[in-house]
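What you see is a predicted model; the values in this text were computed from it and never measured. Values below: all heavy atoms of this structure, side chains included; hydrogens, waters and symmetry mates excluded. In the text below, chain A, chain B and the rest are named by the order of the sequence lines, each starting its count at 1.
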Protein chains: 2
Amino acid sequence: MSDVVDAIIGQWTKERPDVVEDLWPVELFARIQRLARVIDKSAKAAAAAHGVEHGEFDVLTTLQRSGPPYALTAGAFLKASMVTSGAITNRIDRMEAKGLVERVREGDDRRTVRIRLTEHGHEVTRAAFADHLANYAQLLADVDRDLVEKTAEGLRQVLETLGDTPVK
Amino acid sequence: MSDVVDAIIGQWTKERPDVVEDLWPVELFARIQRLARVIDKSAKAAAAAHGVEHGEFDVLTTLQRSGPPYALTAGAFLKASMVTSGAITNRIDRMEAKGLVERVREGDDRRTVRIRLTEHGHEVTRAAFADHLANYAQLLADVDRDLVEKTAEGLRQVLETLGDTPVK
DNA sequence: CTTGATAATCTCAACGTTGAGATAAAAGCA
DNA sequence: TGCTTTTATCTCAACGTTGAGATTATCAAG
C-alpha cells in the first residue's frame, strides 16, 4: 500500500535524485501536514454545527478544561493557542457578541482582562465538545487502536525534543 | 517527561472525568495539529526568505517534481493542494506577476489552463527547496532517526485508512 | 445541429489571521 | 516623586483563503 506522500517522494526521487538523501524528514512532516488538514476540516464542520468558529471552539474548550472559575486572561490564550494577539482580541469580540464569554476587569492589575465563560457558553461548549469527540472517534473508527497509541507516543517524543513543553 | 497534550488531557481528566474514555483520539490528533503549526511557521519563514508565500512554494515544488515539461493544469493543483479553486487562481495570479510561472492555453481543450514553470521559477524553486530541506533537517536534528521513521510509518497507515490515497 | 448537462477556470465579497504599532497600566530605579 | 522599561491588551490595514456563483468550453443525446 502507499499513500500520497509515497507518491510525492517517488516523484522527487525521479526528478531530483540529488536530494534523495535529504528527503527523510518529508516522510514525517508531509504526513503531519496532510493529516492536520483533514482533521482541521472535520473539526471545523463539527464546531460550525454549533455556531462557533474553529478558533472560538478552541477558546471555549480552553476555558472549560481550566476549571472553576472558568476565566483566563487574554495573555493565557496567547500562550496556549499559537496565534497572535490580534486574533485573540477578535475572537473574544465575536464570542462576547454571541454571549459565549464576557470580559471582566477586576483584580489588582487593571491591564489584564479576564475572559469568563457565561452560562450559555458552558452549554454550547458541552454540546460542541461532545460532537467534537464523537467526530474524532469516527475519523479513527477503522484505525487500529494500538497503532494510534504508538504513533501518538512517537509524536509526543518529537514534540518534546522540539521543545514544545507546557507552561513555560 | 510530558508535553503540552499531556497537560491538556490532564486538565480534562480533572474537569470532565465523564469524557476520559473518549479522549484517546486527542492523544494523536492534538499532537498532529500542534506539530503542524510548528512546521508551518518554520516552512513559511524558509519560503519567505526567497520571496514566496507558503502556498506559492507548494505550487513551485509540485511543478518541479512533476518533471518535464514542468506544466500542470489548474485542476491538477486543486486535487494536489487541498485548497479551494479561488486560492489556486490567486496564487497563479501572484506567481505570474512575479515571473515564476506562466499561463499557457494550448491543446485541444480550451477550458484548461496549463501552468508552466519559467526559467526564473526553476531557479527560485531549486534554491528555496534546498533551504526548505535544510530547515526540515534542522528541526529534526535532535530527534532519533529511527523514531522519525517509525512514527512516519504509523502516520502513513492512518492516512491510508482515512482514505487519503494518491491520484484518484 | 440543437439542447441540456458536465467540466474547467475565474470572480468577488466575506471572513479570520497577521503583525506592526498604539494605548495604558505596572514595575524598576534613582 | 519622576523617569524609563516592561507588560497586557487593543487597533487596523494588508493578506490569503473560502465558497458560492458566473463564465466559457466540451460532451452526450436526440
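Screening B:Arg91, B:Arg94, B:His50 for a side-chain hydrogen bond (donor to acceptor under 3.5 Å, both in side chains) with B:Glu56, the sole residue that qualifies is B:Arg94.
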Mark up nucleotides 1-15 of chain C, 5' to 3', with B wherever a protein heavy atom is under 4.0 angstrom from a base atom, S wherever such an atom reaches only the sugar-phosphate, and - elsewhere.
------BSSBB----

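You'll find the ring centres of B:Trp24 and B:Phe29 outside the 6.0 Å limit.
Within 6.0 Å of NZ in B:Lys150 there are 12 or fewer heavy atoms belonging to other residues, nucleotides or ligands.
Checked against salt bridge (charged side-chain N to carboxylate O under 4.0 Å, His left out), A:Glu153 has the following partners two or more places apart in sequence or in another chain: A:Arg156. In this view, A:Glu27 and A:Arg31 satisfy the salt bridge (charged side-chain N to carboxylate O under 4.0 Å, His left out) rule, not counting sequence neighbours.
Under 3.5 Å, the side chains of B:Thr161 and A:Asp142 contain no donor-acceptor pair of N or O atoms.
A close approach under 4.0 Å does occur between a side-chain nitrogen or oxygen of B:Arg110 and OP1 or OP2 of D:dT26.
For the pair B:His54 NE2 and C:dT18 P, the interatomic distance rounds to 14 Å; values are reported in whole Å. If you take NZ of B:Lys98 and C1' of D:dG16, they are 12 Å apart, rounded to a whole angstrom. Between the NZ atom of A:Lys44 and the P atom of D:dT17 there is a distance of 13 Å, given to the nearest Å. Atoms CG (A:Leu72) and P (D:dT9) sit 11 Å apart, rounded to a whole Å.
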